[in-house]
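Letters A, B, ... are given to chains in the order of the sequence lines, protein chains preceding strands, and every chain is numbered from 1. Since the model is a prediction, treat every value here as computed from it, not as a measurement.
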Amino acid sequence: MTATDGHRMASDVYDAHALQEKWQARWRANNPFVASEDPADDRPRRYVVDMFAYPSGDLHMGHAEAFAIGDIIARYWFQRGENVLHPIGWDSFGLPAENAAIKNGTHPAEWTYANIETQAQSFQRYGVSVDWTRRLHTSDPEYYRWNQWLFLRFFERGLAYRKEGLVNWCPQDQTVLANEQVVQGLCERCDTPVVRRSLNQWYFKITEYADRLLDDMHQLEGGRWSEDVLTMQRNWIGRSYGADVEFRIEGRDEPVTVYTTRPDTLYGATFFVVAADAALAEELCAPDRRDELDTYREQVAKLSDIERQSTERPKTGVFLGRYATNPVNGERLPIWAADYVLAEYGHGAIMAVPAHDQRDLDFALKFDLPVRNVVDTGDADPAETGVATTGDGILVNSGPLDGLTKDDAVERIIGILQERGTGQGAVNYRLRDWLLSRQRFWGTPIPIIHCPDCGEVPVPDDQLPVRLPDNLKGADLAPKGVSPLAAATDWVNVSCPKCGGDAKRDTDTMDTFVDSSWYFLRYCSPNLDTAPFEKERVDRWGPVDQYIGGKEHATLHLLYARFFVKVLYDMGMVGFTEPFARLLNQGQVINGGRAMSKSLGNGVDLGEEIERYGVDAVRLTMIFAGPPEDDIDWADVSPGASLKFLNRAFRVMVQAGAATQPGTDPSTGDLTLRKATHHALDQVTKAVEAYRFNVAVARIMELVTAARKTIDSGPGAADPAVREAAEVVAITLSLVAPYVAEEGWERLGHTGSVTIGNWRTPDPALLVQESVTCVVQVANKVRDKLEVSPDISEEELQRRALASERVQGFIGDREIRKVVVRPPKLVNIVVG
RNA sequence: GGGGCCGUAGCCCAAUUGGCAGAGGCACACGGUUUAGGUCCGUGCCAGUGCGGGUUCGAGUCCCGCCGGCCCCA
């Protein structure tokens, strides 16, 4: 038996696990993926970051997909010989570690670092092209020290502040949450309904950056970020243009300001609503309504936010026995307290225009309040239909606004309000400040000392990091509603850095999203101990050329990181205003049409899949399954088929390697295969650059098939074109299936690694086609096909099409109305 | 209820962005080779693009309206 007869020999067997061991050892020894920090290195710099992992256990299928995708991009750049920074780290603070520690009676660090080690080994095995010298863990004091340092810089600039207010409280996790971490009224982490509590908490003033977060999005448009994520962020920030209007309240000196997006409907206001839980409701309540309000407020307090804001739920409210005065027409408006108005939005009070707002209309109909139409939209009367008319129209019943369109009326009324000093145009945002305190242990201590005399005193920079105490473990960490750190009295009690008196440390820790808001900057100088990062290096690498991660962070991590970079820019610490130039959101890996979950019992274990098929086949399956943004249903794909293909590819490389030497001149090789090779190379390059990785794989498969055919039923394995094809297979396949590519490259007789700097440019001479098939249509039906030169002129093509006897037959004696000529592919003859 | 994305062979997916609907894979069938055992070579099969309109010489692609699915916000 020979190696060229198309049959498998024992030595041709692609043993995935043996190759994994062999090449991992080589990569560890050679460190091929270390980025160069030499400023004189003039290769193009590329910075690619995969969202770092939370060490919840071993890697899972979701990680496998995301990292397979990121690695294609990184390895493509490596193959092109560019200077690539592809780092890795762990987002290693957070609740699961703490919960595990409570359960096992240990310290969170034990669980955390054990899992990190497990994941690191899995990463090694997964063959990801990372620079291991830059590895970081956010739970290291060397890292979180800089969280504290940055917090203090924010504090100095007034961007970190403490205030008392209603906050989201998760009763399960026993901590507060940022607005972004409440999804449909539930805790993003554990799905427990979130309740409101009034607490004194630390915030980052992200609202100050609302405009820039919106306006800088032009840098991310045009496909650099998905439109989807940009839309989510725009809606989340929720900028609206309207007016602040001052309403005088009978028996109160100060007017109350309300924000409205529809100042044009001011003449249609028929009542006034304050949020039931706002302090204003209590203040404005007439004495004889007090009992009723108190009872109502108790009911409201029990409701979750989802229930409160549900449009399905009947409206509830209490008349407060007081009146407000409409500043434009002096009308008395009864003041009600209700739960559909939120204390936290705008000013916690609204003017109600039932004709043109559905929630107001529902309320008015429930409590028999008047409905006055002030915009004639052409729709039926809201008071009768129960449907508010929110469209554009002509103003009526509105004094000076009558006859105006909505936009003109808005402009006019704002002018009138300003003249009278009772209002002005205003911008409002849905975005709230980022609540960053957490009443949990396993996070970055907030570096503030509370002194009875000096107030909030920053921990001096030279005393950073404020380390977590290491003598708390197990039950000490159980949630109690206050941070477990409060129990570490040795740790809490300190002297004030200002006055030296007795003082206490802040016992809350930071939201872990602080850690992830700047880690991609730390990678540029991971061991620096004088600053969070070195500006020169960050500016050299940044912004991140390609960021890869899930869409679920649209209004969380991705928003926070953008905010951080803008603040750092203002501080002169970075030279760019957006962290991620391009963002790719990979889909989820599901199974049987549903997310994998323990309760459904449909989980797929990554380790088991790898055991069965090998790393290369699993990675190939992830990539070939479809576009990177799409979900992969593991029930629909076939890792077995991937393995089969890798065997085919491997055999081609082995057979070519056995038949010819490296450096063989391909120019005398089989022309058909040579063209196929260069065509594949061209197509793979284009597909990779367009992120159509599944298509790139399909083109490699075609090339393997073409080589197979040449070996079996053409000139045979010794043809130089077979070697050329096999080498291109090794090079292109290395992006997806690095182990088999390395081994194939070695079997092809090369001594080094295939991984770096081997990408090839197709020979243009081998890409040109002598002829293409041109379709000739008569009345939209294909009637003839012509073999024409690819660069045929319009006139020549039309002449040849009309010269065709078949075409003439189909035209018959009908009149030619028009001839559409699209050289070289199509001619369409339109006949009468 | 509002906003966004998506519906192409039995299944996963392509389609040079308005030009012959099919590249690749799965499954299936058949043939060859073979002590392959989810892993060899080859051949074949299958839809007119969710439904209904519109624009156009020409629509999977653009526009409008439905139906279905997913996501975000209520």
Side-chain angles (χ1 to χ4, degrees), chain A residues 1 5-10 12-16 183-185 226-236 238 305-306 308-312 340 342 358-359 387-388 390 430 551-552 554-555 585 587-588 590 593-595 612-614 617 620-621 624-627 629-648 650-651 679-680 682-683 686-687 690 692 694-705 708-709 711-713 773-785 816-832:
Chain A
M1 190 189 257
D5 67 6
H7 301 146
R8 200 170 76 169
M9 290 173 58
D12 300 352
V13 174
Y14 159 44
D15 181 342
V183 178
Q184 313 252 302
S226 79
E227 207 45 57
D228 204 12
V229 170
L230 294 176
T231 301
M232 277 191 248
Q233 290 207 358
R234 276 191 201 100
N235 293 339
W236 186 261
D305 268 19
I306 0 177
R308 257 182 85 157
Q309 290 167 52
S310 166
T311 49
E312 307 299 314
Y340 78 95
L342 297 179
Q358 189 62 46
R359 292 159 304 177
V387 180
T390 55
R430 196 178 158 280
K551 196 170 281 186
E552 66 276 13
T555 54
N585 301 114
Q588 308 264 306
I590 61 175
R594 311 182 66 173
R612 208 158 168 188
Y613 304 105
L620 180 70
T621 304
F624 187 54
E629 299 85 354
D630 286 9
D631 287 350
I632 298 172
D633 192 332
W634 204 248
D636 290 337
V637 296
S638 174
S642 299
L643 183 56
K644 195 164 127 184
F645 164 70
L646 292 175
N647 271 302
R648 273 166 65 82
F650 186 63
R651 220 173 307 118
H679 177 73
D682 179 56
Q683 294 293 304
K686 285 175 175 155
R692 289 153 58 237
N694 55 326
V695 178
V697 170
R699 297 290 95 85
I700 302 173
M701 288 175 168
E702 286 176 305
L703 179 56
V704 169
T705 300
R708 174 85 269 138
K709 206 168 167 183
I711 294 170
D712 289 348
S713 50
T773 305
C774 177
V775 175
V776 185
Q777 298 176 327
V778 179
N780 303 323
K781 289 197 176 71
V782 178
R783 297 306 193 186
D784 199 4
K785 294 184 179 184
I816 296 175
R817 284 196 178 169
K818 185 174 174 184
V819 182
V820 180
V821 187
R822 293 283 178 274
K825 302 283 281 288
L826 177 129
V827 176
N828 187 12
I829 298 161
V830 186
V831 293

Query raised in the report: Does U43(B) have a Watson-Crick or wobble mate here (both distances under 3.5 Å), and if so which one?
Result: A29(B)
Report task. Could you go through the side-chain contact (heavy atoms from CB on, under 4.5 Å) check for Lys551(A) and Glu629(A) one step at a time? Result -> CA-CA 9 Å; Lys551(A) 196 170 281 186; Glu629(A) 299 85 354; 5.8 Å; no
Query raised in the report: Over how many whole Å does the gap from Leu643(A) atom CG to G37(B) atom C1' extend?
Result: 14 Å
Query raised in the report: Closest nucleotide of RNA chain B for Ser638(A) versus for Lys785(A): which of these residues is on the 5' side?
Result: Lys785(A)
Query - Complementary nucleotide for C62(B) - Watson-Crick or wobble, under 3.5 Å - result: G54(B)
Report summary line: Separation of G25(B) atom P from Asn647(A) atom CG, nearest Å, is 15 Å
Report summary line: dist Ile700(A):CD1 -> Phe624(A):CZ (nearest 0.5 Å) comes out at 10.5 Å
Report task. Quick one: label Lys825(A) by what it contacts on the DNA or RNA (base, sugar-phosphate, nothing), any heavy atom closer than 4.0 Å. Result -> base
Report summary line: Here the distance between atom P of G10(B) and atom CG of Asp636(A), to the nearest Å, is 15 Å
**Report entry** Syn/anti state for G32(B) [syn: chi within 90° of 0]
**Finding:** anti
**Report entry** Under 3.5 Å: donor-acceptor pair, side chain of Asp631(A), backbone of Gln588(A)
**Finding:** yes
Report task. Any chance you could measure Ile829(A), atom CD1, to Arg783(A), atom CZ, to the nearest 0.5 Å? Result -> 11.0 Å
Requested in this report: Just compare C40(B), C26(B), A23(B) and give me whichever is closest to any side-chain atom of Glu702(A).
Outcome: A23(B)
Query - 5′-ward residue of the pair Thr231(A)/Pro627(A) relative to RNA chain B - result: Thr231(A)
Report task. Step through the shown structure and confirm whether more than 12 heavy atoms of other residues, nucleotides or ligands are within 6.0 Å of CZ on Arg817(A). Result -> no
Query - Phosphate contact (A14(B) OP1 or OP2) by Asn694(A) side-chain N/O below 4.0 Å - result: yes
Protein-nucleotides 67-73 of chain B N/O pairs closer than 3.5 Å?
unit_1, atom_1, unit_2, atom_2, d
C73(B), O3', Arg430(A), NH2, 2.5

Report summary line: All heavy atoms of Cys774(A) vs all of Pro824(A), minimum pair found to be CB-O, 3.2 Å
Query raised in the report: Does Arg648(A) make a side-chain N or O approach to OP1 or OP2 of C41(B) shorter than 4.0 Å?
Result: yes
Query raised in the report: Are any of Arg692(A)'s side-chain N or O atoms less than 4.0 Å away from OP1 or OP2 of A23(B)?
Result: no
Report task. Please determine, for C13(B), whether a Watson-Crick or G-U wobble partner exists with both distances under 3.5 Å, and give it or none. Result -> G22(B)
Query raised in the report: Passes side-chain contact (heavy atoms from CB on, under 4.5 Å), Asn828(A) versus Arg822(A)? Steps please.
Result: CA-CA 9 Å; Asn828(A) 187 12; Arg822(A) 293 283 178 274; over 6 Å; no
Query raised in the report: Rounded to whole angstroms, how far apart are CZ on Arg359(A) and C1' on A74(B)?
Result: 9 Å
Query raised in the report: Does Gln233(A) reach the main-chain N or O of Ala554(A) with its side chain, forming a donor-acceptor pair under 3.5 Å?
Result: yes
What N/O pairs connect the protein and nucleotides 56-60 of chain B at under 3.5 Å? Give each pair on its own line.
unit_1, atom_1, unit_2, atom_2, d
C57(B), O2', Asn780(A), OD1, 2.8
C57(B), O2', Asn780(A), ND2, 3.4
C57(B), O2, Asn828(A), ND2, 2.5
G58(B), O4', Asn780(A), OD1, 3.4

Query - Watson-Crick or G-U counterpart of G68(B), or none if no pair lies under 3.5 Å - result: C6(B)
Report task. Could you check Met701(A) against Val704(A) for side-chain contact (heavy atoms from CB on, under 4.5 Å), going step by step and ending with a plain yes or no? Result -> CA-CA 5 Å; Met701(A) 288 175 168; Val704(A) 169; 5.8 Å; no
**Report entry** Rounded distance (nearest 0.5 Å) linking atom CG of Asn694(A) with atom CG of Leu620(A)
**Finding:** 11.0 Å
Query - Gap in Å between the two P atoms, one belonging to C72(B) and one to C11(B), rounded - result: 27 Å
Query raised in the report: Which whole number of Å gives the distance between the C1' atom of G7(B) and that of U43(B)?
Result: 33 Å
Report task. Answer yes or no: is there a donor N or O on one side and an acceptor on the other, between the side chain of Asp636(A) and the main chain of Ile632(A), under 3.5 Å? Result -> no
Query raised in the report: Among C20(B), C26(B), G42(B), which is the nearest nucleotide to the side chain of Arg708(A)?
Result: G42(B)
Query - Rounded interatomic separation in angstrom, taking NZ from Lys781(A) and P from G48(B) - result: 18 Å
**Report entry** Rounded interatomic separation in angstrom, taking NE2 from His679(A) and P from U16(B)
**Finding:** 13 Å
Query raised in the report: Since syn is defined as within 90° of 0, does U34(B) count as syn or as anti?
Result: anti
